[in-house]
Structure formats: structure tokens, C-alpha cells
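Taking it in order: structure first as C-alpha cells, then the write-up.
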Amino acid sequence: MSRYRTILIFGAPGSGKGTQGKILGKTPGFYHCACGDVFRSLDTATELGAAFLEYSSKGQLVPDEMTVRLWHESIRKTAESGKFKPSRDYLILDGIPRNVAQAILMEEHIEVRRIFHLSCPDRDKLVARLKKRALRDNRLDDANEEVIRQRLATYDAESKPMLQHYSGVPRNDIDASMTPLQVIHEIIKGLLDETASSPEQ
Ligand code: ADP
């Protein structure tokens, strides 16, 4: 089986990965998969659902093997259902892989063609966005500032080193403090470069 042609949206919690991913997912030729949404769709009475609650409420990552297995199962079903057509669509991944170990586990499934890194050095801005989201989306893991700070620390310690792991992959570093419209503009410019070299699109 060939690997899924994949674009990663990468950035700290609150950097806008989901907002941008959802916009792209509405575009023909792209399928958006957010790992956090896959977790949130689980029944919390199941073993995995309970593990998700336990780790996410502390601002920690769910263990890698469990996470990659769940993601793979979910994307395989989506491809089987025809919603995601791997021969036609780019897979837009948001929130996975989230560390180098996950990137290695996923290598047999995905071919990473480009990374959009939504970068926001202003941590207070991220915290403010997450607090707003907590109220809007009823996100338990965003409600408490201590958990938010822990999630940002987890990002710095575990997720950021992934950029080094993918240093051979074309990457666009985008200022995540811009408006959503400006950010999607930058992403689309990068995607036009990407698809120009890909005759299938
Ligand atoms: P955000 O975009 O704010 O980081 P997500 O919805 O992507 O939020 O993730 C929420 C929580 O779900 C994370 O804090 C983590 O506990 C868990 N999670 C999501 N994706 C992964 C992953 N790839 N590996 C491990 N845990 C994950």
C-alpha cells in the first residue's frame, strides 16, 4: 500500500491549527484530520476514552502507540468509507504526529510533503485564545490556566523537536498571531508551490 500524501499543520495549542485545517478540509483535494477530534469522539467509558481524559486533563500527551493505533484505525475507516480518497486527496494532519516517536511510528503510513509551522512566540496570546475557546467549545483542558501552561510546556519539550526530525521536508513558518485570513493566505501560497510540482492536483 502506498503512503498517504500528507501536509502537517504544526504549532502550539492555540496557534490556530484546527481553524486552518477546517478551512482546507472544505477544499476539494484535501482531507482534514485533527487527532484531538478523534480522541474527543471516543466514548469516555472505553479504555482509550478514559486514557484520553486522564492525560488531556493534565496537559499531557496520550501514550504514543495507543495514539497512533487509534489514528490509523480512524483514517483507515474514513478511507474505506470513501470520505477520504488517498489517490486524490492530500491528507491534512493537525495534532499528529506530536513528537518524534509518533513521527517514526507513522512513517510507514504517511509521506510528509510539506509542513506549515504556525509560530507564536507570544505565549500570553496563546493562553488568551485558549481561554476564549474553553468558553466557546466547552473544552475542559482549556479551562484551567495551569493545564494550559502545562500543555505549552509539553509542546516545547516534546513537539518542537519534531521540526528537526523533518528538517528535510519543505516548511513554511507562518506568524500565527496574524488574522485567520492572513494565515490561510500564507498557507495557500505554500500549497500552490506544493501542488505546482504535483500533476495529480
Ligand atoms: P490543541 O490543538 O489545543 O493542542 P488538541 O485538540 O489537538 O488540542 O489535543 C487535546 C489533547 O488531546 C492534548 O493535550 C493531548 O492530551 C491529546 N492529544 C491530541 N493529539 C495527540 C497526539 N498526537 N498524541 C498524544 N496526545 C494527543
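Here, residue 1 is the first one in the sequence, and each next residue gets the next number. Quantities reported herein were computed from a predicted structural model and do not represent experimental measurements. Numbering of ligands and ligand atoms starts at 1, following listing order. Excluded from the calculations below are hydrogen atoms, water molecules and symmetry mates; all remaining heavy atoms, backbone and side chain alike, are included.
Under the 3.5 Å distance criterion, the side-chain polar atoms of K83 are left unmatched by any main-chain donor or acceptor of T78.
Of all atoms in ligand 1, listed by their number and element, those nearer than 4.0 Å to a heavy atom of L61 are 25 (C), 26 (N). Contact atoms of ligand 1 toward S56: 11 (C), 16 (O) (distance under 4.0 Å to a heavy atom of the residue). For ligand 1, the atoms closer than 4.0 angstrom to any heavy atom of C35 are 20 (N), 21 (C), 23 (N). Ligand-side atoms of ligand 1 in range of P13: 3 (O), 4 (O), range being under 4.0 angstrom from any heavy atom. Short contacts between ligand 1 and R40, defined as distances under 4.0 Å to a heavy atom of the residue, involve ligand atoms 6 (O), 10 (C). Close approach of ligand 1 to R151 (heavy-atom distance below 4.0 Å) involves ligand atoms 1 (P), 3 (O), 4 (O), 8 (O), 14 (O).
Here the shortest heavy-atom distance to atom 5 (P) of ligand 1, taken over R133, M106, R98, E158, belongs to R98. When R129, M66, Q150, K17 are checked for heavy-atom proximity to atom 2 (O) of ligand 1, K17 turns out nearest. Compare V62, L93, V38 by their heavy atoms: the one nearest to atom 26 (N) of ligand 1 is in V62. For atom 24 (N) of ligand 1, the choice among K58, Q102, E54 with the nearest heavy atom turns out to be Q102.
Counting heavy atoms from C-beta outward, M106 and T6 have side chains that stay 4.5 Å or more apart.
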Original post:
Yes or no on ring-ring contact (aromatic ring centres under 6.0 Å, His included) for F84 and Y90, after CA distance, side-chain angles and deciding distance?
Top reply: CA-CA 9 Å; F84 163 48; Y90 274 93; over 10 Å; no
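Of the protein's heavy atoms, R139 NH2, 3.2 Å lies nearest to atom 8 (O) of ligand 1. Among all protein heavy atoms, the one lying closest to atom 10 (C) of ligand 1 is D141 OD2, 3.5 Å. Atom 27 (C) of ligand 1 has its closest protein heavy atom at F39 CE1, 3.6 Å. Considering only non-hydrogen protein atoms, atom 16 (O) of ligand 1 sits nearest to Q60 O, 2.6 Å. Remark: minimum distance from atom 17 (C) of ligand 1 to any protein heavy atom is reached at F52 CE1, 3.9 Å.
A salt bridge does not link E158 to R98: none of the charged nitrogens lies less than 4.0 Å from a carboxylate oxygen. A salt bridge is absent between E108 and R3; no separation between the charged side-chain nitrogens and carboxylate oxygens falls under 4.0 Å. Using a 4.0 Å cut-off between charged side-chain N and carboxylate O, R149 and E146 make no salt bridge. E73 and R76 are joined by a salt bridge, as a carboxylate oxygen and a charged side-chain nitrogen come within less than 4.0 angstrom of each other. Salt-bridge formation is not detected for the pair D137/K132: no Lys NZ or Arg NE/NH1/NH2 atom is positioned less than 4.0 Å from an Asp or Glu carboxylate oxygen.
Taking CZ from F10 and CG from D173, the interatomic distance works out to 10.0 Å, rounded to the nearest 0.5 Å.
Only side-chain heavy atoms of T67 come within less than 4.0 Å of ligand 1; its backbone N, CA, C and O stay farther off. At a heavy-atom distance under 4.0 Å, no atom of W71 approaches ligand 1.
For Y31 and Y4, the ring centers are positioned 6.0 Å apart or more.
Heavy atoms of Y155 come nearer than 4.0 angstrom to ligand 1 in no pair at all.
Judged purely by distance below 3.5 Å, without hydrogens or angles, the side chains of H32 and D94 pair a donor atom with an acceptor atom.
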